[in-house]
Amino acid sequence: MISRLSHVSIFVLNQESAYEFYVDKLGFRVHTDAPMGPDARWLTVTPPDQPDLEISLMQIAPGMMFTDESAEAMKKLVQAGTFGFGVFECVDIYATYEELKAKGVEFKKPPTKEFYAIEALFRDDSGNWFSLGQKE
Amino acid sequence: MDTEDYPRAYIYRQVVRAKLFIDERFAEDIDLAGIAGEAYYSRHHFLRLFKSMFGTTPQQYRGRVRIERAKRLLAAGWGVTEACFEVGFESPSTFSSTFRRVVGVAPSRYARDAALRDESIAREPLVHVPGCFSAKLAVAQKSNSE
């Protein structure tokens, strides 16, 4: 019986820039940051209150999970904002919204009451979309 | 979006500004009552607002930022005493007891565990990566070395 999710991937255009976004802007903690040979880096971060969920920031590059062709295709899709990856929760969505805006995070939608939560929408530095949610 | 796009937006911006001030100046002996003044609130009102927005008091929040920063320094190879002063603690014993209470282990133990983990990763990186990712990494490394 499966009980929990421990690792999940987000595909990013540049790991260095993703590090700044997820750690310095979103405030995530670095779990593992290790070179895996000359061309790969295993970089995982965790949400501050969820230290056992590792989010792997996987660089879209030929050689690892991608061929030259599939890497190019994936980059275009991510940049175009094709993917929504999940919902991050927070204590107070208005405070979090203001803080992230002050740090330069791009929002597509300000906090808005929806059926399931108060929700805002933002994108990471690669183009991946996330909901920011606060349950009422 | 710079105007009142939701109720009390101005208040949120003021308190968030104070929180970002703590993020930036956490290692300094800043007067937290002074921050309330900068946000144009009485100390009591400011504390109430801060706690409702961030789930903790400014004092506790600054302590948390200091410990998180210390964890990063210790993992990067800093000594316990150097990390202690760098993040704003005045006494190594207070630092150690606070660190142990928050993190669950002493700072020296945390630093040692981090160093051992780094050594292990350097020696055998793939054993630290779950198979659904590491199989791909292994294939990539093999093809790169050919």
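Bear in mind that the values here come from a model prediction, so they are computed numbers and not experimental data. By convention in this document, chain letters (A, B, ...) are assigned in the order of the sequence lines, proteins followed by strands, and residues within each chain are numbered from 1.
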Crowding at CZ, B:R117 (>12 non-hydrogen neighbours, <6.0 Å): yes
A:V8 with A:V12, same ILVMFWY side-chain cluster at under 4.5 Å: yes
For the student: nearest non-hydrogen atoms of B:I121 and A:A34, plus distance: CG2-CB, 3.2 Å
ILVMFWY network linking B:F21 to B:Y61, side-chain heavy atoms under 4.5 angstrom: yes
Note, B:V16 side chain near A:Y94 side chain (heavy atom, < 4.5 Å): no
Heavy atoms of other groups near B:D29 CG, more than 12 under 6.0 Å: no
Co-membership, hydrophobic cluster, residues B:F95 and B:V105, 4.5 Å side-chain: yes
Rounded distance (nearest 0.5 Å) linking atom OG1 of A:T96 with atom NZ of B:K19: 8.5 Å
A:K101 vs B:R13, side-chain contact (heavy atoms from CB on, under 4.5 Å): CA-CA, chis, key distance, verdict: CA-CA 10 Å; A:K101 264 204 320 178; B:R13 283 175 198 141; 4.1 Å; yes
Point-to-point distance, once rounded to the nearest 0.5 Å, from NE2 of B:H128 to CE of A:M36: 7.5 Å
Shared hydrophobic cluster for B:L116 and B:V129 (ILVMFWY, side-chain gaps under 4.5 Å): no
ILVMFWY network linking A:W129 to A:I60, side-chain heavy atoms under 4.5 angstrom: no
side-chain contact (heavy atoms from CB on, under 4.5 Å) between B:L20 and A:K103, intermediate numbers included: CA-CA 9 Å; B:L20 294 175; A:K103 290 177 175 175; 3.7 Å; yes
Student check: side-chain heavy atoms of B:P125 and A:W42 closer than 4.5 Å: no
Part of A:P35 lying under 4.5 Å from any heavy atom of chain B: backbone
Residue-level interface, residues 69-86 of chain A with chain B, non-hydrogen cut-off under 4.5 Å: none
Residue part contacting chain B, namely of A:T32, when any heavy atom lies under 4.5 Å: both
pair B:D23-A:E99: side-chain heavy atoms closer than 4.5 Å: yes
Residues of residues 62-92 of chain B near chain A, each having a heavy atom less than 4.5 Å away: B:E68, B:R72
Euclidean distance, B:F133 CZ relative to A:S56 OG, rounded to 0.5 Å: 5.0 Å
Residue pair B:Y12 / A:P111, side-chain heavy-atom distance below 4.5 Å: no
